[in-house]
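The sequence lines fix the lettering, A, B, ..., with proteins before strands; numbering per chain opens at 1.
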Amino acid sequence: MPDLKKTFYVTTPIYYVNDIPHIGHAYSTVGADALARFKRMDGYDVFFLTGTDEHGQKIAKTAADEGLEPKQLADRVVERFKEAWAKLGITYDRFIRTTDEDHRKAAQAFFKKVMDAGFIYKADYEGWYCLPDEKFLLDSEVIDGPGGTKTCPDCGRKVERIKEENYFFKMSAFQKQLEKHLEDNPDFLQPASRKNELVNNFIKPGLADVSITRSTVKWGIPAPVPESTVIYVWFDALVNYLTALGWPDGENYKKFWPADVHIIGKDILRFHTTIWPTALMAAGIPLPKKVFGTGYINKDGKKMSKSLGNTVDPFELAATYSPDAVRYYLLREIAFGLDGNYTDDAFQLRFNGDLANDLGNLVSRSLTMLEKYFEGMVPKPGPQGELENQLAAIAKSYASKARTAMEHLEFHTTLIQAWELVKRANKYIEETSPWKVAKEGYGGKEKLATILFSLMEALRVTALSIAPFLPFTASAIWSQLGYSDDIHSHSLKETEEWGKIPVGQKIAKGQPLFPRIEKENKK
RNA sequence: GGCGGGGUAGCUCAGUUGGUUAGAGCAACGGUCUCAUAAUCCGUAGGUCGGCGGUUCGAAUCCGCCCCCCGCUACCA
């Protein structure tokens, strides 16, 4: 029987193994994970792909510098990525490596398919070449030397003008088609502000054909041509999105392609909105629905760099505080798609304000009262009053608002929506003052039961709401509420079903979820 | 240089197709409660909406000029 469940395919960039995982990688990956988790909870069959890009001259050189084979270097760095993602609770379905056997086959098949379609031709590639470094340089990279010569930006030595016979992809043939696609699909490229950059700088001036083989590079996938040459890394790397689904005839390919969204960094937006769509057109494969470019994260307003020594290690932060604190900061503080900023102060403010004071303390005070007044058993509530109705209304309105925001990958907006209930619940406690009800007895035990039941409901809905973003915290709240199953197998719909927590369920208060960061502990 | 984005309270930002005294969160200040992680909750203060000029009954919102910041500018990934 065909599976009628809606599907959702989300990808991260495949990260270049020249560098170990840093906050930029964490940012796009955490975003993709939150989206994947959200869609799963909203009833979609999700395929979430991440992985590494391992070919190219740079890797070969880095490996050689360390006395390693390229694959050895990659193996080592890949472990770092896998550990990092495990720490942050990333729920990918596959971790693809461009050195994987099925990817080698897919990349070659893709190349062949485009060639058979008549969009690959042989021609001379001419450019600057640095002999000692064995690398091609762009016109914009070479530096003017004495006497009209050009020199290498890395080693400072003289570069030469050389020609190499390469295979070219006839990207120019798809200019009109690409323009039309961008026009007909305004959501294809997001954020929209980047669209003008692309159209004005690349498409309007005319798409140039791009050379897609490298005979000087050895570390890569052999091109399916008579000559000994490897596929240019981009024409190799992008295909990973297909490989992972078993293209051309895997079940997952039929099920999940075209991708719903490629989440990438803004630095590679260009490749994803020129080479990738046109190559797919050439191969006769449907285009992904959306390409979303994220921004960079700065530290104290300045670009992070190792030489400046101002990098932020998200995995260290996760170890010091909690993985969810890092996820929360990345998703809440920074509007996905814009450049963001990290400061220790902002991190602490988010942590203490939103996580400790608002959320953690709400859980703490609510569960304490339930233990105190009802021996930790969820009581049978009395009739709902106006205040309870207001609380329930906010809870019920979350799902649809969240869906809208998540369509545009507005994680920070979604989290603000989830916090509406947290804030309202804290206020509800002040308004109803359950400790007074308990002490002075007005309204009776039934009134107290209504209040505590409502609070448990607010916590239940909150746990479900934050589950895609703060998965560890959601699980913790869930089990403290007395549930023994996995919250992550529950659905978004349940946030709309007020009154669902079982009467009589025994809660189990735990340690504070987010112990406040005190000033003196501030790093 | 070309193209694009932006300059709104101390900070980070919202402000729909121009319309009543320009909003939120945080920070600051004052107060309240005691269930709670000295948390919560209530209140106060704070802005010539980059500058100048124009259109309009009326502009943060439209037009022009100027100042400042930022992004992109093709085959390194």
Given [options], which nucleotide is nearest the side-chain atoms of [X]?
{"X": "A:Glu197", "options": "B:G25, B:G71, B:C35", "value": "B:G71"}
{"X": "A:Lys423", "options": "B:C35, B:G25, B:C76", "value": "B:G25"}
{"X": "A:Leu513", "options": "B:G71, B:U37, B:A77", "value": "B:U37"}
{"X": "A:Lys372", "options": "B:A74, B:A36, B:A77", "value": "B:A36"}
{"X": "A:Phe202", "options": "B:U73, B:A77, B:U40", "value": "B:U73"}
{"X": "A:Asn201", "options": "B:A74, B:G25, B:C72", "value": "B:C72"}
{"X": "A:Asn361", "options": "B:C42, B:U37, B:A77", "value": "B:U37"}
{"X": "A:Tyr16", "options": "B:C41, B:C35, B:A77", "value": "B:A77"}
{"X": "A:Ile429", "options": "B:C35, B:C41, B:A74", "value": "B:C35"}

CZ of A:Arg350: more than 12 outside heavy atoms within 6.0 angstrom?
->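 Atom CZ in A:Arg350 is packed in, count exceeds 12.
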
Is a donor-acceptor pair below 3.5 Å formed from side chain A:Asn357 to base B:A39, judging by atom type as modelled?
-> no

For the side chain of A:Asn200 and the base of B:G2, is some donor closer than 3.5 Å to an acceptor across the two?
->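 Side chain to base: no pair present.
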
Report yes if a side-chain nitrogen or oxygen of [X] is closer than 4.0 Å to either non-bridging phosphate oxygen (OP1 or OP2) of [N]; otherwise report no.
{"X": "A:Tyr296", "N": "B:G71", "value": "no"}
{"X": "A:Arg516", "N": "B:A39", "value": "yes"}
{"X": "A:Arg270", "N": "B:U73", "value": "yes"}
{"X": "A:Lys439", "N": "B:U34", "value": "no"}

Across all strands, who's sitting opposite [N] as a Watson-Crick or G-U wobble pair, both distances under 3.5 Å?
{"N": "B:C3", "result": "B:G71"}
{"N": "B:C33", "result": "none"}
{"N": "B:G53", "result": "B:C63"}
{"N": "B:G25", "result": "B:C11"}

Residue met sooner reading RNA chain B from 5', once A:Arg332 and A:Ser364 are mapped to nucleotides = A:Arg332

First of A:Leu362 and A:Ile268 reached from the 5' end of RNA chain B, by closest nucleotide =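 Its nearest nucleotide being more 5', the pick is A:Leu362.
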
Under 4.0 angstrom, heavy atoms only, what part of the nucleic acid is A:Pro434 near: base, sugar-phosphate, or nothing?
->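 Nothing: the residue A:Pro434, judged by heavy atoms under 4.0 Å, touches no strand.
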
Compute the centroid of each ring, for A:Phe292 and then for A:His262, and state whether the two points are separated by less than 6.0 Å.
->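 No, too far apart.
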
Would you mind telling me which of A:Tyr328, A:Tyr329, A:Phe351 makes a ring pair (Phe, Tyr, Trp, His ring centres under 6.0 Å) with A:Tyr321?
->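 Between A:Tyr321 and the candidates, ring pair (Phe, Tyr, Trp, His ring centres under 6.0 Å) is satisfied uniquely by A:Phe351.
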
Test ring pair (Phe, Tyr, Trp, His ring centres under 6.0 Å), reference A:Phe271, set A:Tyr232, A:Phe202, A:Trp234, output is A:Trp234

Side-chain donor-acceptor contact under 3.5 Å, A:Thr368 with A:Lys509 |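 Checked: A:Thr368/A:Lys509 side chains pair up, N/O donor to acceptor below 3.5 Å.
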
Please work out whether the ring planes of A:Phe235 and A:Phe169 are parallel, tilted or perpendicular, with thresholds of 30° and 60°.
->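 The arrangement is tilted - the two ring planes meet at 30° to 60°.
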
